[in-house]
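Here the structure comes first, spelled out in structure tokens, and everything after it is commentary.
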Amino acid sequence: MPAFQSVAVIGAGAWGTALATVAARAGRNVTLWARNAEHAARIASTHDNPRLPGVRLVPEIVVTSDLAVAAGADMLLIATPAQHLRSAVNMLASHITKPVPVIACAKGIEHGTHKFMTDVIAEAAAHAQPAILSGPSFADDVARGLPTAVTLAAKDEALASALVQALGSATFRPYHTTDVRGVEIGGAAKNVLAIAAGIVVGRNLGASALAALTTRGFSELARLGRACGARTETLSGLSGLGDLLLSCSTAQSRNFALGIALGRGEAAPAGKLAEGAFTAPVLVELAAARKVDMPVSQAVAAILDGRLTIDAAIEGLLTRPFKAEE
Ligand SMILES: NC(=O)C1=CN([C@@H]2O[C@H](COP(=O)(O)OP(=O)(O)OC[C@H]3O[C@@H](n4cnc5c(N)ncnc54)[C@H](O)[C@@H]3O)[C@@H](O)[C@H]2O)C=CC1
Ligand SMILES: O=C(CO)COP(=O)(O)O
């Protein structure tokens with residue numbers, strides 16, 4: 001029996017459902033946990049999740065709302081929104097009585113505490129071995145078996161490598177690293193920057209402006225990453241630059257789609273989770289505490305909370321003093 005034969009995914013949204021298919025494809029015994037019993041029963045009987053329409057789940061995936069069933073797995077993937085990750089791990093904590101990998105699959109930073117996802121896991125469950133999975137990967141693409149590559153980070157390299165072996169397949173290629181913080185910063189910041197990129201498109205500022213925004217966005221993502229001790233190769237890897245490029249290039253990204261709506265002066269798309277809207281204020285607070293300049297992220301945060309109009313934000317960014325490129 002290989003290490004980590006059983007996998008439980010906590011959170012049966014789009015990403016959790018896609019990750020359950022990933023683990024099943026990799027040959028693991030998979031449990032998908034939904035907090036709502038009716039939702040779990042419906043997915044179990046139809047093999048279809050309305051959050052990921054058109055994707056048929058293999059019948060081998062056990063769908064349950066019984067936490068004790070899920071918590072007994074050899075590894076746990078937490079696929080709730082970032083602001084709900086603590087409550088999900090709190091629920092699991094009493095079931096985790098020996099060391100078990102708990103992999104954060106959410107992209108964000110906790111409000112109030114400014115904590116990254118693996119720190120939240122470590123605080124909420126003493127026996128958890130925290131890890132993070134992030135990178136350019138839309139749930140729909142992943143679930144359909146389109147080729148995808150991501151980064152999986154844990155402090156212990158042997159653990160990160162073993163987790164990659166357990167989850168990887170011909171269509172889902174995780175790369176491992178010990179740079180946990182680098183992976184977390186990329187995933188959190190790219191969502192905020194994708195909102196800015198969407199605004200550029202929604203305002204019809206042109207393809208040149210989109211390339212400029214994405215590049216200067218990467219510059220500030222990398223600046224914060226370096227200030228937090230992240231490695232350059234992580235920041236310019238799949239979970240940093242890779243995910244930024246994906247999310248700043250297509251309305252398949254909910255954050256980019258939110259930006260487009262804002263840029264056009266339209267209402268935000270209904271019922272779509274855009275993590276960048278939650279991350280923006282925390283990201284700029286974190287940057288300010290570390291004295292890192294993040295003008296694009298600051299502009300997004302100010303637009304979202306109504307302190308700045310989009311036109312004023314664009315003018316403000318374009319009239320900053322000229323300076324050396326770094
Ligand atoms: N959808 C995607 O393509 C990808 C999403 N992600 C990340 O995954 C996270 C989740 O996103 P989605 O699945 O797309 O969102 P979603 O809105 O489709 O689903 C979120 C799910 O979490 C559940 N949930 C909320 N609070 C919970 C709690 N306390 N305990 C258990 N379950 C809870 C909800 O019932 C819902 O089923 C986000 O941080 C997102 O950035 C990462 C990569 C790709
Ligand atoms: O993180 C993602 C792709 O890597 C999903 O992006 P959105 O949350 O913007 O849809």
Side-chain angles (χ1 to χ4, degrees), residues 8-22 32-40 42-43 49-53 55 63-65 67 70-71 76-93 103-110 116-117 120 124 132-144 146 148-152 172 174 183-184 186-198 238-261 268-279:
V9 181
I10 306 299
W15 192 219
T17 306
L19 287 169
T21 66
V22 158
L32 175 61
W33 182 85
R35 60 179 168 171
N36 180 300
E38 267 176 45
H39 187 46
R42 187 183 156 182
I43 302 172
N49 184 347
R51 289 210 166 256
L52 200 55
V55 171
V63 188
T64 182
S65 59
L67 201 59
L76 300 165
L77 273 59
I78 315 296
T80 65
Q83 303 308 322
H84 296 267
L85 182 131
R86 186 183 289 274
S87 68
V89 181
N90 276 341
M91 273 183 330
L92 285 163
I103 308 175
C105 303
K107 296 175 180 175
I109 308 169
E110 192 176 52
F116 286 94
M117 298 293 102
V120 173
I132 175 106
L133 183 151
S134 193
S137 49
F138 288 126
D140 195 64
D141 296 351
V142 169
R144 288 174 198 281
L146 299 178
T148 319
V150 299
T151 312
L152 195 159
F172 186 77
V183 172
E184 290 177 309
K190 72 88 188 172
N191 281 333
V192 178
L193 298 165
I195 296 175
L238 290 161
S239 56
L241 181 61
D243 209 355
L244 182 70
L245 290 177
L246 178 71
S247 305
C248 290
S249 64
T250 164
Q252 199 176 339
S253 158
R254 295 161 298 185
N255 289 284
F256 188 81
L258 169 61
I260 292 177
K272 298 273 184 196
L273 174 70
E275 286 282 30
F278 299 99
T279 305

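Both ligands and their constituent atoms are indexed starting at 1 by order of listing.
- Checked against a 3.5 angstrom limit, the closest N/O atoms of Ser247 and ligand 2 fall outside it.
- Taking each of Ala14, Pro81, Ser253, Ala257 in turn, the one with a heavy atom nearest to atom 9 (O) of ligand 2 proves to be Ser253.
- A donor-acceptor contact shorter than 3.5 Å is absent between the side chain of Arg254 and the backbone of Ala274.
- Near Ala12, the atoms of ligand 1 lying under 4.0 angstrom from a non-hydrogen atom of the residue are 37 (O).
- Of all protein heavy atoms, the one lying nearest to atom 15 (O) of ligand 1 is Leu273 CD2, 3.5 Å.
- The single protein non-hydrogen atom nearest to atom 16 (P) of ligand 1 is Arg51 NH1, 3.6 Å, given as residue, atom name and distance.
- Considering every non-hydrogen atom in both Ala70 and Trp33, the closest pair reads CB-CB, 4.0 Å.
- For ligand 1, the atoms sitting less than 4.0 Å from at least one non-hydrogen atom of Trp33 are 31 (C), numbered in the order shown with element in parentheses.
- Comparing heavy-atom distances from atom 32 (N) of ligand 1 across Leu133, Leu85, Thr80 singles out Thr80 as nearest.
- Put simply, the residue from Leu77, Ile132, Val9, Val150 that forms a side chain to side chain contact (heavy atoms under 4.5 Å, CB included) with Cys105 is Leu77.
- The shortest N/O to N/O separation between Phe256 and ligand 2 does not fall below 3.5 Å.
- Counting atoms of ligand 1 from 1 in the listed order, those under 4.0 Å from a heavy atom of Ser87 are 29 (N).
- Around the CZ atom of Phe278, the shell of radius 6.0 Å holds no more than 12 heavy atoms that belong to other residues, nucleotides or ligands.
- Only backbone heavy atoms of Ala79 (N, CA, C or O) come within less than 4.0 Å of ligand 1; its side chain stays farther off.
- Of all atoms in ligand 1, numbered sequentially from 1 with element shown, those under 4.0 Å from a heavy atom of Cys105 are 7 (C), 8 (O), 42 (C).
- Residue contact check for ligand 2: Gly135 places a non-hydrogen atom closer than 4.0 Å to it.
- In this structure, atom 25 (C) of ligand 1 lies nearest to the protein heavy atom Arg35 NH2, 3.4 Å.
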